[in-house]
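Following: one structure in structure tokens, then a few remarks.
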Amino acid sequence: MAYNFKKIEAAWQKVWAKNKHKIWAAEDQSVKPKQYVLDMFPYPSGEGLHVGHVEGYTASDVYSRFMRMNGYNVVHPMGWDAFGLPAENYAIKTKQHPEKVVKKNVKRFQEQLQSLGFSYDWQREINTTDPEYYKWTQWIFVQLFKKGLAYEAELPVNWCPKDKTVLANEEVVDGCCERCGTAVERRNLKQWILKITAYADRLLNDLDGLDWPERVKEMQRNWIGRSEGAIIKFQVVSSKFQIEVFTTRPDTLAGVTYMVLAPEHPLIGKLVVNAENVKEIESYIQKSKNKSDRERQENKEKTGVALKGVMAVNPISQEKIPVWIADYVLAQYGTGAIMAVPQHDERDREFAEAFHLPIIDKPLIDKETAIQKAGGVKKVNFKLRDWIFSRQRYWGEPIPIIKCPTCGNQPVAEEDLPVKLPNVKNYEPTGNAESPLAAITKWVNVKCPKCGGDAKRETNTMPQWAGSCWYYLAYLMRGISNFQFPISKYKEVFDHWLPVDLYLGGVEHAVLHLLYARFWHKFLFDIGVVSTSEPFKKLVNQGLILGPDGQKMSKSKGNVVSPDEMVEKFGADSLRLYEMFMGPLEDAKPWDPTGIVGVHRFLGRIYNLALKIQNPKSKIQNSKLDQLLHKTIKKVTEDIQGFHFNTAISALMILLNEIEKQPEAAAAHVPTIAKLLFPLAPHLAQEVWKMLGNKGLLDHEEWPKYEKALIEDAEFELVIQINGKVRDHVMVKKGIGQSEAEKLTLNREIVKKWLEGKPPKKIIFVKDRLLNVIV
RNA sequence: GCUCGGGUGGCGGAACGGCAGACGCAAUGGACUCAAAAUCCAUCGAUCGCAAGGUCAUGAGGGUUCAAGUCCCUCCCCGAGCACCA
């Protein structure tokens, strides 16, 4: 009988689905040690699950099942990150409510995940678009507002003209919208902003204690971009104004030959009246304003204009130096002005060469002395900017603020949360600073919670990233009650489960979600909601699965592999096993369409082996096989702990190859194989377990232990080298001494031949390994 | 330009400084079959040799070592991230 994976998988999935998958329910109170295994939850897109999802979700499932069998109380939840542009754009196109689209997509994702046999605690399922969920997203916003960490300000922001919304700095890649690729424009708009910069130092310093991939930590470090320097003031000649600059190189102060202001610098308006070339200056400023950020970045050729007649004084040399305006100086960083040291700074040199400014070589001064002499103050600067938090779109959490003409911005009270998204006729963005919600006057017009007068609701919504900033807490809250106030109810479960022990997902969230979530978590720590300063202790990134052509999978390239198709053709176990076998979890690797056949055959052979066992109670042993079995237990255990699933699988394959040579001993060994295989290929492992006459679920079985004494070999193959090259082998007993090994070696024909009767020059002996004869 | 990762058979990949290429795919030959598929068995880095066996091989070149894919130096190539951040 052939390995009927369809029948087997359907049957066991039915068993698991009983009682809402209660076999995988985590216990909030347990004497067992806890383990929080978290997947980055998916955006339930219309395309369904991707093989990349399957990779990460399989890895975390293998680990969860393994930890359960090792006696841990594991919480392994799943949910949906369902707010955001794709659902909304789809809604606009098809005139359907995004909620309907999300519902449909979620159903598909649930079916797909269950068809792969993932052991999620489905009772804790969450959806960020559920009002009971976003009630809490709004609650956290209110807390941020109350602590002054959410504020409104008008500032130049990134505007995507296609999606018609503001974007955060993190959402702009190479000057383009991260979602749609359209070049981003700069607009001055009043926006809600979260003060992530208040946490810059802690976000940076606490990275050191995290068990995360070094490259992700490095990306966050670069993004936060801390630099130490000083603020130094330069007096403008015959004027009351001073130009402030930030520099990391006060030691080069003597070499400053000119200064540069960013075109947006507020002082320009005041200085320009004294300049001789007002028209020229105005035209330059206008020109740079018209440039998009992308154009400014692309054009590395330096442009600029002098403030003719305006001079500043070098505080060290007292020399008068010219003042220029140039757009290579950024308004948003430092003070928006620089002191230029063309001798030491490449950009300053380029500019000086282009505009024939002096380049002088003065000796460096001691840093401290320079700051003191120039009357400066030490200052730490960050590249990180505050998080622009409003979006002018429909499908997001409404910002829970009421705008009162007399009282100003008032937060919505806890008992009035959630502020539900109203139904609208048109989801189309308005194209100005308001979301489509602004058109719903019935919803917009409210009474001020403070004075009771007429007021209006904030109509902007939160960005895509809001809901995912705290979802790992939501799973825990879900366990005890349905998201009820007050927050203190949840203190105990947070303290029990946090931090997340293992967080698995793609590297693409390195500076977005992972930075935002750390920020919110630290805030929640500060206000006493959680007791750990970091949310995710260990992070593992799965590598990208590339198309068979080695290119990134994309619809346009036609190289997308569908998990559904693989499940249909080879089964869930084969797909899971293949994705784990392809290569190291963290590496990018191409999909080999024929490769899955190999693991499928392996599973089929295990099934056939179990089928052939006549007497499952047979105790026929084979000492060599038994030893290999225990070595395999050791290898698989250590490899799963270290996420080396590919080598764990190959160890199981080696074991099977050997057992097939001694089928009479199979009955004694196959049950252990079933246990070892269970985390990786749960359906077949469970089926084999049953075929061998066992009742019950492998979920409740204990992970096999190996016997140390058994895996110790009595003998080993001594490698004999002549001049470092392998020439011979001989089986000897373990622990053999050097003199005995030498005697044995020098008597061997091959060695005698190489020695040609001469005595060896030198002999290297490595215990229980090799003997190297130097001739 | 800067910062991280990487370069090992036809392919995916193994390898505490100690037998390079485990395991799998593909390929080739064979068994079974009227035939094919499936399955099973064998071979499978290159090269010289009838064979025994030898030689060369982990991006390139040097070095350390009895011994280097692994450690050190120089360079080349690929991937990712950052990029006028003062």
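Numbers restart at 1 for each chain; the letters A, B, ... are given by sequence-line order, proteins then strands. Treat the numbers as computed from the prediction; the structure is a model and nothing was measured. Below, each value reflects all heavy atoms present in this structure, side chains not excepted, and no hydrogens, waters or symmetry copies.
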[atom1]-based separation of [M] from [N] [nearest Å]:
| N | M | atom1 | result |
| --- | --- | --- | --- |
| B:G24 | B:A46 | C1' | 22 Å |
| B:G7 | B:U58 | P | 14 Å |
| B:U28 | B:G21 | P | 25 Å |
| B:A80 | B:A26 | C1' | 30 Å |
| B:A22 | B:G12 | C1' | 13 Å |
| B:A20 | B:G29 | C1' | 27 Å |

For [N], does either OP1 or OP2 sit under 4.0 Å from a side-chain N or O belonging to [X]?
| X | N | value |
| --- | --- | --- |
| A:R601 | B:U39 | yes |
| A:R605 | B:U39 | no |
| A:R727 | B:C19 | no |
| A:K725 | B:C56 | yes |

Under 3.5 Å, is there a donor-acceptor pair between the [X] and [Y] side chains?
| X | Y | answer |
| --- | --- | --- |
| A:Y328 | A:T303 | no |
| A:Y3 | A:S574 | no |
| A:R605 | A:N657 | yes |
| A:Y258 | A:N314 | no |
| A:D713 | A:Q627 | yes |
| A:D639 | A:T647 | yes |
| A:Q242 | A:Q235 | yes |
| A:Q738 | A:E742 | yes |

Which parts of [range] get close to RNA chain B, meaning a heavy atom less than 4.0 angstrom away?
| range | result |
| --- | --- |
| residues 590-599 of chain A | A:D592, A:T594, A:G598 |
| residues 638-651 of chain A | A:N646, A:T647, A:S650 |
| residues 760-775 of chain A | A:K762, A:I764, A:V766, A:R769, A:L770, A:N772, A:I774 |

Whole angstrom is fine here: how far is it from CH2 in A:W324 over to P in B:A86?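 Taking CH2 of A:W324 and P of B:A86, I get 23 Å after rounding.
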For the ring pair A:H600 and A:Y578, is the centre-to-centre distance below 6.0 Å?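 No, the ring centres sit 6.0 Å or more apart.
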Pair of N/O donor and acceptor under 3.5 Å linking B:G81 base with A:E218 side chain: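 Such a pair does not exist between side chain and base.
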Check: B:C84 base within 3.5 Å donor-acceptor of A:E346 side chain: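 Under the 3.5 Å cut-off, the side chain and the base do not form any donor-acceptor pair.
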Which one is paired to [N], where only Watson-Crick or G-U wobble pairs with both distances under 3.5 angstrom count?
| N | answer |
| --- | --- |
| B:A38 | none |
| B:A14 | none |
| B:A83 | none |
| B:G49 | none |
| B:U70 | none |
| B:U64 | none |
| B:A20 | none |
| B:A27 | B:U43 |

Looking at A:K612, I'd like to know if its NZ atom is crowded, meaning that more than 12 non-hydrogen atoms belonging to other residues, nucleotides or ligands lie closer than 6.0 Å.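 It does not: A:K612 NZ has 12 such atoms or fewer within range.
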Report, as yes or no, whether the 6.0 Å neighbourhood of atom CD on A:E228 holds more than 12 heavy atoms from other residues, nucleotides or ligands.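 No, because the 6.0 Å sphere around CD of A:E228 holds 12 heavy atoms or fewer from other groups.
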Apply the syn/anti split at 90° from 0 to B:G49 and say which one it is.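 For B:G49, whose glycosidic angle is more than 90° from 0, the conformation is anti.
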Closest listed nucleotide, where the reference is the side chain of [X] and the choices are [options]:
| X | options | answer |
| --- | --- | --- |
| A:K589 | B:C23, B:G12, B:C19 | B:G12 |
| A:R215 | B:A86, B:C4, B:G81 | B:C4 |
| A:T248 | B:A86, B:A83, B:G24 | B:A86 |
| A:Q721 | B:G18, B:C23, B:C4 | B:G18 |

Residue whose closest nucleotide on RNA chain B lies nearer the 5' end, A:N381 versus A:I654: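 So the residue in question is A:I654.
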Hey, which of these two, A:I338 or A:I750, hits RNA chain B nearer its 5' end, going by closest nucleotide?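 It is A:I750 whose nearest nucleotide is closer to the 5' end.
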According to the interplanar angle, ranging from 0 to 90°, do the rings of A:W465 and A:Y516 count as parallel (below 30°), tilted (30 to 60°) or perpendicular (above 60°)?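 The arrangement is tilted - the two ring planes meet at 30° to 60°.
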Check the angle between the aromatic planes of A:F355 and A:F351 and answer parallel, tilted or perpendicular using the 30° and 60° thresholds.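 A:F355 and A:F351: tilted rings.
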Sugar-phosphate only, base, or nothing, as touched by A:D587 at under 4.0 Å among non-hydrogen atoms: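 Contact class for A:D587: none.
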Have a look at A:E214 and say if it touches a base, only the backbone sugar-phosphate, or nothing, with a 4.0 Å heavy-atom cut-off.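 Nothing, no nucleic acid heavy atom in range.
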Charged N to carboxylate O below 4.0 Å: is that the case for A:E346 and A:R349?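 The answer is no: the pair does not qualify as a salt bridge.
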Identify the pairs formed between an N or O of the protein and an N or O of nucleotides 28-33 of chain B at a distance under 3.5 Å, and give each distance.
none

Tell me if a side-chain donor or acceptor on A:D592 pairs with a main-chain N or O of A:T594 at a distance below 3.5 Å.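 Yes; at least one donor-acceptor contact below 3.5 Å.
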Does A:K734 qualify as a cation-pi partner of A:F716, given the criterion of NZ or CZ under 6.0 Å from the six-membered ring centre and within 45 degrees of its axis?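 No.
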CA sep, side-chain torsions, deciding dist, call: A:D348, A:K302, salt bridge (charged side-chain N to carboxylate O under 4.0 Å, His left out): CA-CA 10 Å; A:D348 294 347; A:K302 301 271 181 296; over 6 Å; no
Starting at the 5' end of nucleotides 41-52 of chain B, put B wherever the base has a protein heavy atom under 4.0 Å, S where only the sugar-phosphate does, and a dash everywhere else. ------------
Would you please name every residue forming a salt bridge (charged side-chain N to carboxylate O under 4.0 Å, His left out) with A:K753, sequence neighbours left out?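 Checked A:K753 against salt bridge (charged side-chain N to carboxylate O under 4.0 Å, His left out); zero matches.
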Would you sort out whether A:K589 and A:E55 count as a salt bridge (charged side-chain N to carboxylate O under 4.0 Å, His left out), showing the intermediate values? CA-CA 11 Å; A:K589 41 212 171 282; A:E55 184 188 20; 2.7 Å; yes
